[in-house]
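Since the structure is predicted, the reported quantities are computational estimates derived from the model, not experimental observations.
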Number of protein chains: 2
Amino acid sequence: MSTMQDVALRAKVSITTVSRVINNSPHRVNRVTRERVLKTIKEMDFRPNALAQGLITKRTMTVGVIIPDISNPYYAEIVRGIQDRADDEGYAVILQNTDRKLERIIQHIHLFREKRADGIIFSGGIIHGYEPLSALRELSQRIVVIGRHEVDFPAVRVDNIGGATLAIQHLVDLGHQRICFINGPEMSTSSIDRLQGFKNALAQNGIPFEDRMVKRGNLTPESGYQAGRELLEMPDRPTAVFASNDLMAFGAIHAAGDLGLSVPGDLAMVGFDNIQLSSYFNPTLTTVEIPMYNLGTAAMKMIVNMASDNSFDRYQWFKPRLLIRHSTQNKVSRE
Amino acid sequence: MSTMQDVALRAKVSITTVSRVINNSPHRVNRVTRERVLKTIKEMDFRPNALAQGLITKRTMTVGVIIPDISNPYYAEIVRGIQDRADDEGYAVILQNTDRKLERIIQHIHLFREKRADGIIFSGGIIHGYEPLSALRELSQRIVVIGRHEVDFPAVRVDNIGGATLAIQHLVDLGHQRICFINGPEMSTSSIDRLQGFKNALAQNGIPFEDRMVKRGNLTPESGYQAGRELLEMPDRPTAVFASNDLMAFGAIHAAGDLGLSVPGDLAMVGFDNIQLSSYFNPTLTTVEIPMYNLGTAAMKMIVNMASDNSFDRYQWFKPRLLIRHSTQNKVSRE
DNA sequence: TCAAATATGGAAAACGTTTTCCCCCAAATT
DNA sequence: AATTTGGGGGAAAACGTTTTCCATATTTGA
């Protein structure tokens, strides 16, 4: 690759001038010189070395994104939002999957420190257990989390408790009393909140909560299938199941089918997230919509604002919405 | 952030020694000195500046990935494969979406050049229309494409033609004669090949091909729904539909439902890719499996080999496999 | 005992930019 | 005529590493 030196030589100017042209700096450069340089740059197909630039300007125009798993459509959609916004702002996005493993989270944070990422967007799970003060202080100036976190970082959030409450209330309104919950991983704050909403709604409706009404999954359809199967094989089979995400809901619906139960005929099902396919699944899935794409763009915008010393709201909230579809179509006759 | 200079000062050694410790260079450094330096590094929570490192070593341990759209599970799975392998090898992954827009492809390639990415993995669509020789020459030493491409880059490939043939043969064997195809975007080489396989299989079975049997979608469920609807409303309704990917197959199944047709009762459906949800969809989807995750890991491995001057196979092939599920369960009675 | 080898460490150049000074010259002002 | 102004340009330091030489002290070998 050619360097500014090469360009300068060929255009018979100094490196300084080339730099001025590239960044069209306030220091004026003569029109004909500028054009000569520009032409040379084009001829040589010169591109400035971002490493050298970053080294000296202390800005890399790079943000790191840490998520549990890109093959989960929920995160994929968030990432899409982040990227689109990043593209607009001239930022590049480095993506890292953690599978919610603490050591990978830490490792990735260090990587972003080494690469001098201008910002870090963190979603899913909790960072804890390793926090040298220096790292944390430094991070707090450039990190945004999507969702809830123990440490008080700037955040983009959704009211998961409220969303879950909406879902359960909907089921109760349909006459359901035996409602089960398919929980997410222990480390997922979203799932913790959704469980909380589930409990709240039951309490509000005077329905007693029992531990056996909750099974844990890991947000995959497989785990939803497994959990669904266990729940549906209980002697007092639930009439409705609420899953902590759509993927598990799909798995549970499949389990119902394998057990000869139809949804919504024999069983109502509600998911969470509203991933793209939930309106195409058969039956179409009643679910709580999370504006994933917007979470992504909002987080990225926050990073940009932080980096440019703009003022910005430290917290931004999004409201979930209940989308009623076919999977909760049947009313239940009161017993 | 502290620098090697800071560490050196505190540990009472030279920068050189700190560097030697970090890279545990062959040039030996005394055990007690090493430990002192290590301790200081830990105390100061020092991390080497990757920009400075990259500037001088000419290796950034970064690969760029260019895909049409991360929210398509097909690409998400590929990316997951790339990332897992990249993680193992110590590489970071910068991800870019193109929506198959040429100008974005070009823009992203330039970005990767500026950031001095050690390698670029390209999937989906075709690069053409902008190719200064210098860029191309330089790229050919560090680019790997997943799929087919006009330019002869090292590649990881799948036999899409063969896969499509498998699918159609399966339908023909079930007695289907009126088979339609939902095509992908114009620029998708995969879809072009899948269409080719479709035509080949028809020809092999003496079934005439007509243009109206093919509708174009853009790989989303929405477009599959639309295409499916059009196909199913034709007077001589097809008995089977083959979609260029699973997402569109889901859409088409949904369209069938809206028209009062059941799958597989009234209509057989075959997809392509085998994304995670196709075995959970209702009905479960017969599809041609692409080992997406492995495509990703293979591509990344190829990049690593290229970067380290290892010998490597310039082309690597994967075989697709037909997975027969419920969406093609019913036999058709010959007319 | 002396030369040669080895172990350990440092100084300084280099990577490719941005940015701060500084300089020169022509035009404008006094 | 002398001074100021401002347009246009360059030299050199700085960013934080790696790497090449070189230096010194200690061991080893004969």
Using modelled atom types only, decide if a donor and an acceptor are shared between the side chain of B:Asp313 and the backbone of B:Gln316 within a distance under 3.5 Å.
no
Closest non-hydrogen atoms of B:Glu77 and A:Ser71, given as atom of the first, atom of the second and distance, are OE1-CB, 3.4 Å
* Remember a base hit wins even if backbone is also touched, and classify A:Ser19 as base, sugar-phosphate or nothing at under 4.0 Å, heavy atoms. => base
Is the backbone of B:Ser25 close enough, under 3.5 Å, to the side chain of B:Asn23 for a donor and an acceptor to pair up by distance?
no
| task | Using a heavy-atom cut-off of under 4.0 Å over every strand shown, decide if B:Ile15 touches base, sugar-phosphate, or nothing. | result | base
Protein and nucleotides 4-8 of chain D: nitrogen or oxygen contacts under 3.5 angstrom:
residue: D:dG8; atom: OP1; partner: A:Asn30; partner atom: ND2; Å: 3.4
residue: D:dG8; atom: OP2; partner: A:Arg28; partner atom: NE; Å: 3.0
residue: D:dG8; atom: OP2; partner: A:Arg28; partner atom: NH2; Å: 3.0

Outermost contacting nts on DNA chain C, any atom under 4.0 Å from chain A heavy atoms, listed 5' then 3', are C:dG16 to C:dC21
Per nearest nucleotide of DNA chain C, the residue lying toward the 5' end, B:Ile56 or B:Val13, is B:Val13
**Asked** With no hydrogens and no angle check, is any side-chain donor or acceptor of B:Asp118 less than 3.5 Å from a backbone partner on B:Met61?
**Response** yes
Open item on the list: Could you check whether any side-chain N or O of A:Thr60 sits under 3.5 Å from a backbone N or O of A:Arg116, counting only pairs where one atom can act as donor and the other as acceptor?
Closed with: yes
Any donor-acceptor N/O pair under 3.5 Å between D:dA11 base and A:Thr16 side chain: yes
- Query: Under 4.0 Å between a Lys/Arg side-chain N and an Asp/Glu carboxylate O for B:Glu35 and B:Lys39?
  - Reply: no
- Item | Residue pair A:Arg80, B:Asp99: steps toward the salt bridge (Lys or Arg N to Asp or Glu O under 4.0 Å) verdict | CA-CA 11 Å; A:Arg80 190 58 155 97; B:Asp99 290 325; 2.4 Å; yes
Side-chain donor/acceptor of A:Arg100 to backbone N/O of A:Pro68, under 3.5 Å: no
